[in-house]
Amino acid sequence: MNKHYQAKENEEKIYQLWQEANAFNPDSKINQNLKNDDLPSFSIIMPPPNANDPLHLGHAAFLALEDILIRHARMKGHDTLWLPGADHAGIETQFVFEKKLKKEGKSRFNFDRQTLYQMIWDYVQENSNIALEQMKKLGASADWSRYKFTLDEDITASVLETFLKMDKDQLIYRENRLVNYCPKCGTAFSNLEVDHQEQTSELYYIKYGPFTLATTRPETKFGDTGLAVHPDDKRYQQYVGQEIEVEGLNGNFKLKVIADDFVDPEFGTGVVKITPYHDFNDFAAWQRHKNELPDPIQVVDFEGRLTNAAGKYAGLKIVNARKEIVKDLEERGLLVKIDKNYRNNLAVCYRCNNAIEPLPLPQFYIKVKGMTNEVLKCLDKKEFKVYGAGYDKVLKHWLEKLEDWNISRQIVWGIRLPVWYEAKNNPMIKVTFLDQDEQRITGKLGELLQKHQLGTIKKGLQSLSAPIDAKYLIKVDSPGENYIQETDTFDTWFSSSQWPVLALQNNKEGDFARFYPTTIMETAYDILMFWVMRMLMMGLYSTQQLPFKRVYLHGLIRDGKGQKMSKSKGNVVNPLEAGEKYGIDALRMAIVIRSSAGLDKSINEADFKAMRNLNNKLWNATRFILLQREENSTKTKKKPAKFDKKFTKKLEQIQSAVSRNLDQLQLGLAAETLHNEFWHWFCDQCIEDSKKGLISQEKIFEGLITFLKLFHPFIPFVTESIWQILYQEKLVNDPILMCSPWPRC
RNA sequence: GAGCUUGUAGCUCAGUUGGUUAGAGCGCUUCGUUGACAUCGAAGAGGUCAGAGGUUCGAGUCCUCUCAAGCUCACCA
């Protein structure tokens, strides 16, 4: 044996050994032999990484944690499956791809949707193999033969089926509401995908007839349909119910004053303009006062420009329009003052950081109340458990207040809604398409059909927008040539929320019955409500069973100072580079040791070093034990040494402590216990005692075997490398440590 | 504004259903080790476990309050 453990030399060899033995597949002979039929099956669905994402420490963390659970379960004799996959990550991926297009001087508008989809598909294919290889490098013992992608044909077919079933169950509806729209990304988002940024803005005090009112968005004033005051506000009571004349930039107009207690009399002047199509509060107020107020007016379009309703300001971008309008208001003496130090929170796109526009758009929604109630019942009955610093309470809070889920996205990269409009009967549908000469044409379907064939429009189609009263059919396949399909795609989370069900149903025969519900869902706490909550809802809905029994949430990996890793700070650790330098085992152990569910973990170079030293220590302990064995092989067998009994007892204690920790998902504690006991008890005390003959070599060897097994889930490469040496020396019987039984306690 | 979490050695963090003298890694001091490992060992310094009160035979651990930090959600135009 070498004097030092050479991680790099061994890792590839060992991974290949496992693969050749088919050791990751629960159906393989070696795993069938290991299996104990009295134990239930054990399964983890890997949170599918974004297909185009390169690996970062977050991936390394979930891979390490899940691999530990899986390897432990496998050795214990469970029928064990770790099912890997990849997610198409709709918006994320399309966003990355569009950035790439931009570099080539192109944009999504240069292509019809089929071509664009195909281009993204090819791009993702190129990249997804990289991620796959990287996961293997980290030692993941997932069954790659069962790998699934969210856009695999069978998966998308199942997603559509679910949608149809939900429609039948009347859980789907289409409604024209304000959505969180990002004009830059060109799509709507759910509430969960909107960030808020505190900022200083300008608060404008503007004259509205007899009133002065405060607003941060003067450019939306052309969409005003009323004014509101608080019902108890004495100052304005005489005006409630009155129509007042207002001097405007595009001529005078009339606004009705309503009373509603959403108005805060303390804020500004206590009068607020109602602009239903550009503010969520105003929209809600309009719905409460529908019979008193006229129909809403849209002033901002989906590209972030003012509409014709803005008169001479039509076509201007929001920011420019605001400047112009403020200037004109000032000239007309309608601007009372500007508060330049007004602090407020701006809703921004989580993806591109640009301002989110509340805009009216007909979208498909899922009614969530029934589903959340079912999950809440399960939570109360403790039918599943969330591991991680108080996140069970967070989950409960979310389930209680969740609003209906907008599942329509105006992007191409995803599963297209199986919604069909009859072309001739829906002349008001707005369509954008590329004609034969690649000219981008936008217009109402009714008018376009006079000049263009429907087939041409469908072929070059980019997007369509059907009015709220458009008739539609929900059907997997086209109802006929004269139908045109909705261009919206499903929110990515709609498919990933069904992942445990879909990935097992569309896999090897019998997998669903064998491995569902899964045992543990392990993922990062920051997607608890995006993903975990929705998996619980959707899993319960489509199978009447919760998709998993335990949820283990891990935290963020931070740098040595506890700071978030980010490119701009330059403190990002590339897991593969760290693995190259210190060994994958050291990387994994550094991530896991002393980590706690739900809490962030800091890691620095010193941690990697310390863990590399641990691996080397294990290697050298083995080396010494083997050397000693050789030297003493000629001597006759002595009777048990003085401390043997005590040694056995302590070893059993460690075994049961580590097993208990693993069963209770205290992985950080298990790793720490192993580290301390191995180093400071087994090496520093016992091996030293054995030199003095106080502990027999048989016992020491037994101890080594036990530690190799207990350590294996955490540091699989070094333990297996050592095992292979022992196996060649015929000192152990099982050919592969990974598929050898866990020590019994 | 609401909720959640955290506060333990110089730094980063463990500490299981409450139970001997509160631990680890890194750092620090002194010494040792040329036959497992300098990727090592031994000894040591360093903690009113954020603060106050309470429950208990016993509290780092449970309860209440205070302080500080972080995260999430909501939000007034």
Side-chain angles (χ1 to χ4, degrees), chain A residues 1-5 191-192 194-196 198 201 203-206 213-218 220-221 224 227-228 262-275 278-282 285 342-345 347 388-398 401 525-526 528-529 555-556 558-562 564 582-583 586 589-590 593-596 598-628 631 657 660-661 663-664 666 668-673 675-677 679-680 683-684 687-688 690-691:
Chain A
M1 284 173 86
N2 280 328
K3 201 169 172 184
H4 301 316
Y5 170 62
N191 289 340
L192 297 182
V194 177
D195 284 340
H196 294 270
E198 201 181 353
S201 5
L203 184 63
Y204 305 92
Y205 286 76
I206 303 172
L213 61 79
T215 180
T216 51
R217 303 207 55 191
T220 62
K221 73 193 301 299
D224 298 344
L227 295 171
F262 91 98
V263 181
D264 177 2
E266 306 290 314
F267 183 88
T269 57
V271 185
V272 51
K273 68 195 189 71
I274 298 187
T275 321
H278 301 286
D279 183 280
F280 288 101
N281 272 321
D282 294 2
Y342 177 61
R343 298 292 291 173
N344 71 341
N345 278 317
Y391 281 103
D392 47 342
K393 290 172 202 162
V394 175
L395 178 64
K396 193 173 174 193
H397 178 243
W398 272 95
K401 54 152 270 188
Y525 64 70
D526 58 353
L528 177 65
M529 53 272 199
L556 257 57
R558 294 168 179 275
D559 75 0
K561 289 172 194 153
K564 257 189 195 174
Y582 300 104
M589 195 67 176
I593 195 165
R594 266 168 272 122
S595 67
S596 266
L599 297 182
D600 295 349
K601 173 102 171 91
S602 327
I603 291 185
N604 61 24
E605 199 88 4
D607 296 312
F608 293 133
K609 254 185 215 172
M611 293 305 116
R612 178 209 44 199
N613 294 356
L614 170 70
N615 295 330
N616 189 56
K617 187 85 174 167
L618 196 56
W619 180 263
N620 271 291
T622 310
R623 196 157 74 95
F624 177 71
I625 290 165
L626 291 184
L627 280 174
Q628 230 184 11
E631 272 174 26
R660 196 178 54 238
N661 289 337
D663 288 338
Q664 297 176 353
Q666 295 169 309
L669 189 55
E672 189 186 18
T673 306
H675 175 271
N676 292 348
E677 298 297 355
W679 197 302
H680 300 299
C683 293
D684 292 348
I687 292 186
E688 291 308 314
S690 83
K691 288 179 185 169

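Only this structure's heavy atoms are used, side chains among them; waters, hydrogens and symmetry mates stay out. Numbered from 1 within each chain, the chains take letters A, B, ... in sequence-line order.
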Q.
What contact category does Lys609(A) fall into here, base, sugar-phosphate, or nothing, at under 4.0 angstrom with non-hydrogen atoms?
A. nothing

Q: Could you check whether Lys221(A) gets within reach of a base, just the sugar-phosphate, or nothing at all, counting any heavy atom under 4.0 Å?
A: nothing

Q: Please identify each residue that fulfils ring-ring contact (aromatic ring centres under 6.0 Å, His included) with Tyr525(A), with sequence neighbours left out.
A: Tyr391(A)

Q) With sequence neighbours left out, what residues match Trp398(A) under ring-ring contact (aromatic ring centres under 6.0 Å, His included)? A) none

Q) Are side-chain heavy atoms of Thr216(A) and Asn344(A) found at a separation under 4.5 Å? A) yes

Q: Send over the distance from Tyr525(A) OH to G70(B) P, rounded to a whole Å.
A: 14 Å

Q.
Distance check needed: G41(B) C1' versus Asn616(A) CG, whole Å only.
A. 15 Å

Side chains of residues 263-275 of chain A: which donor-acceptor partners sit under 3.5 Å, not counting sequence neighbours?
unit_1    : atom_1 : unit_2    : atom_2 : d
Asp264(A) : OD1    : Glu266(A) : N      : 2.9
Thr269(A) : OG1    : Thr212(A) : O      : 2.4
Lys273(A) : NZ     : Thr220(A) : OG1    : 2.8
Lys273(A) : NZ     : Asp224(A) : OD1    : 3.1
Lys273(A) : NZ     : Thr275(A) : OG1    : 3.1
Thr275(A) : OG1    : Asp224(A) : OD1    : 2.8

Pairs: protein N or O with nucleotides 2-11 of chain B N or O, under 3.5 Å:
unit_1 : atom_1 : unit_2    : atom_2 : d
U5(B)  : OP1    : Lys393(A) : NZ     : 3.2

Looking at [N], which nucleotide sits across from it as a Watson-Crick or G-U wobble partner, both distances under 3.5 angstrom, or is there none?
N	answer
U34(B)	none
A69(B)	U5(B)
C13(B)	G23(B)
C49(B)	none

Using the [atom1] atom as the point on both nucleotides, what is the distance between [M] and [N], in whole Å?
N	M	atom1	answer
U6(B)	A74(B)	C1'	23 Å
G53(B)	G15(B)	P	27 Å
G27(B)	A22(B)	P	25 Å

Q) Is there a residue in residues 265-274 of chain A whose heavy atoms reach under 4.0 Å of RNA chain B, and which residues are they? A) Phe267(A), Val272(A)

Collect all protein-nucleotide pairs involving nucleotides 21-27 of chain B in which both atoms are nitrogen or oxygen and the distance is under 3.5 Å.
unit_1 : atom_1 : unit_2    : atom_2 : d
A24(B) : N3     : Arg594(A) : NH1    : 3.3
G25(B) : OP1    : His680(A) : NE2    : 3.1

